[in-house]
Amino acid sequence: MTDKRVFVGDLTRTEFRQRMESGEIEAAIVPVGATEQHNEHLAMIHDAFHVTHVAEQAAIRLHPRVVVASPVSIGVSEQWMAHIGTLTVRPEIFCEYVYDVCDSLRRAGIGNILILNGHGGNVKPIMRRIDEYRERLGLNLRFQSYWDVCDPALVFSTMEANRLPGHACEFETSTMMALAPERVHAALMVNEAAKLATKEKGEMLIGHAVAGVADVLDKMIAGETVDKPPVTFAEGQRIHMVTGDPV
């Protein structure tokens with residue numbers, strides 16, 4: 001059986017060292033997500049679970065060139081703390097933690113690192129620091145949400161609510177239906193957009209995201225320029241998530 005293990009934590013130190021020494025490992029993904037309320041109908045693990053899945057599947061496509069760090073499963077979610085069960089960390093703590101994970105990979109000899117994000121609240125904190133971190137680490141470092149790679153034409157032909165990612169809406173409910181239907185409690189849906197969700201939409205969009213993230217990594221390894229700004233999709237436009245300006 002072909003060995004398709006991609007998580008750093010699944011390897012022994014001997015296996016990791018041998019892969020590094022052989023030159024097999026050329027890049028790493030650091031998945032960052034959140035553990036927060038997702039309305040009444042979705043499990044709070046949504047963001048961390050989904051970004052980890054996309055990271056794993058993208059790395060498998062590029063095996064053995066890409067490994068995946070242990071996910072950072074708690075992000076910046078202060079806005080949801082009124083809903084008990086949500087977990088959050090301060091933006092500065094989150095950013096420094098992610099930096100230290102990247103620095104650990106740098107010290108192991110990895111020169112290409114993609115911080116792959118699955119939670120909107122993490123975008124602004126990391127984007128404010130990414131240039132500084134890239135300079136301090138001295139390596140090819142990118143920050144990207146997994147939905148950034150989506151083709152707008154596909155988004156707006158698939159999403160009836162014309163929004164992606166949204167929060168516990170059509171997109172996130174669809175992807176959970178595709179990946180872990182037991183974590184969707186349809187009887188508790190109160191969001192009308194969530195009721196538009198289907199497993200088929202989720203499968204299509206997750207597959208598209210995996211392919212897009214793998215392409216970003218392939219370009220990073222090749223030293224090519226990657227032009228994928230952090231975005232959200234709403235009302236027929238791509239909206240830049242940091243400035244709010246259409247792009």
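Just so we're clear, the structure is a prediction, and the values are computed from it rather than from any experiment.
Proximity of F7 to E56: side-chain heavy atoms (C-beta onward) are separated by under 4.5 Å at one or more points. For the pair L164 and L205, the minimum side-chain heavy-atom distance is below 4.5 Å. Using a 4.5 Å cut-off on side-chain heavy atoms (C-beta onward), R17 and T12 make no contact. Put simply, the side chain of E26 does not reach to within 4.5 Å of the side chain of M220, judged on heavy atoms. Contact of the L137 side chain with the C102 side chain is registered, since non-hydrogen atoms from C-beta on lie closer than 4.5 Å. V67 places a side-chain heavy atom less than 4.5 Å from the side chain of I110. When side chains are defined from C-beta on, P71 does not count as touching V51, because their heavy atoms never get closer than 4.5 Å. The closest side-chain heavy-atom distance from V8 to S70 is not below 4.5 Å.
Atom CD of Q144 and atom CG of L114 lie 6.5 Å apart (nearest 0.5 Å). Here the straight-line distance linking atom CE of M189 with atom OG1 of T173 works out to 5.0 Å at 0.5 Å rounding. We find the CE-OG1 distance between M204 and T175 to be 13.5 Å, quoted to the nearest 0.5 Å. Here I113 contributes atom CD1 and R106 contributes atom CZ; the two are 9.0 Å apart, rounded to the nearest 0.5 Å. Taken to the nearest 0.5 Å, the CD atom of E224 stands 8.5 Å off from the CG atom of D215. Rounded to the nearest 0.5 Å, atoms NE2 (H119) and OG1 (T35) are 9.5 Å apart.
Using a 3.5 Å distance cut-off with no hydrogens or angles, the side chains of T86 and E36 do not pair a donor with an acceptor. Residues E92 and Y97 bring no donor and acceptor atom of their side chains to less than 3.5 Å of each other. Using modelled atom types, one finds a donor on one side chain and an acceptor on the other under 3.5 Å when comparing D47 with H38.
For E135, the CD atom counts as loosely surrounded, since its 6.0 Å shell holds 12 or fewer non-hydrogen atoms of other residues, nucleotides or ligands. Residue-environment remark: CD (E132) exceeds the threshold of 12 foreign heavy atoms within 6.0 Å.
Linking ILVMFWY side-chain heavy atoms closer than 4.5 Å, directly or via other members, places V76 and M44 in two distinct hydrophobic clusters. Linking Ile, Leu, Val, Met, Phe, Trp and Tyr whenever their side-chain heavy atoms come within less than 4.5 Å puts L179 and V6 in one cluster. Linking ILVMFWY side-chain heavy atoms closer than 4.5 Å, directly or via other members, places I60 and V66 in a single hydrophobic cluster. Under the 4.5 Å side-chain heavy-atom criterion for Ile, Leu, Val, Met, Phe, Trp and Tyr, V213 and V226 are members of the same hydrophobic cluster. Residue V30 is not grouped with residue I93 when hydrophobic side chains (ILVMFWY) are merged at heavy-atom distances under 4.5 angstrom, including chains of intermediate members.
In this pair, F171 and Y146 present their aromatic rings tilted. The plane angle is within the 30 to 60° band. The aromatic rings of H83 and W80 sit tilted, their planes meeting at an angle between 30° and 60°.
Taking 4.0 Å as the cut-off between side-chain N and carboxylate O, E24 and R65 do not count as a salt-bridged pair. For R107 and D100, the salt-bridge test fails: no basic side-chain N is under 4.0 Å from an acidic carboxylate O. Between R5 and E15 there is a salt bridge, since a side-chain N of the basic residue sits under 4.0 Å from a carboxylate O of the acidic one. For the pair R61 and D218, the salt-bridge criterion is not met [side-chain N within less than 4.0 Å of a carboxylate O]. For E96 and R129, the salt-bridge test passes: some basic side-chain N is under 4.0 Å from an acidic carboxylate O.
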(request) Start with the C-alpha distance between V72 and F94, add both sets of side-chain angles, then the distance that settles side-chain contact (heavy atoms from CB on, under 4.5 Å), and finish with yes or no. (result) CA-CA 9 Å; V72 179; F94 171 75; 4.0 Å; yes
(request) Just do the side-chain contact (heavy atoms from CB on, under 4.5 Å) check on I115 and V32 with the steps written out, would you? (result) CA-CA 7 Å; I115 304 169; V32 298; 4.0 Å; yes
(message) One pair to check against side-chain contact (heavy atoms from CB on, under 4.5 Å): L139 and R134. What are the steps and the verdict?
(response) CA-CA 6 Å; L139 48 74; R134 188 179 295 116; over 6 Å; no
(request) Would you check, one step at a time, whether the test side-chain contact (heavy atoms from CB on, under 4.5 Å) holds for S145 with V123? (result) CA-CA 8 Å; S145 297; V123 175; 3.8 Å; yes
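Here the side chain of H46 pairs a donor or acceptor atom with the backbone of E172 at under 3.5 angstrom. In this structure, the side chain of K219 does not engage the main chain of A214 through any donor-acceptor pair within 3.5 Å. With hydrogens and angles ignored, the 3.5 Å screen pairs a side-chain donor or acceptor of E170 with a backbone N or O of E160. S157 places a side-chain N or O within 3.5 Å of a backbone atom of L154 that can act as its donor or acceptor partner. A donor-acceptor contact shorter than 3.5 Å is absent between the side chain of H50 and the backbone of G118. The backbone N or O of G111 lies less than 3.5 Å from no partner atom in the side chain of N140, so there is not a single donor-acceptor pair.
A pairwise comparison of heavy atoms in A168 and N39 identifies CB-ND2, 3.7 Å as the closest pair. The shortest non-hydrogen separation linking P125 to G121 is CD-O, 3.4 Å. Minimum interatomic distance between A55 and V68 (heavy atoms only, all atoms of both residues): O-CG2, 3.7 Å. The shortest non-hydrogen separation linking G120 to N117 is N-ND2, 4.4 Å. Nearest heavy-atom pair across A69 and V101 is CB-CG1, 4.2 Å. Across all non-hydrogen atoms, the minimal contact from G202 to A178 is C-CB, 3.8 Å.
Stacking of R136 on the aromatic ring of Y99 is recorded, both the 6.0 Å distance cut-off and the 45° axial limit being met.
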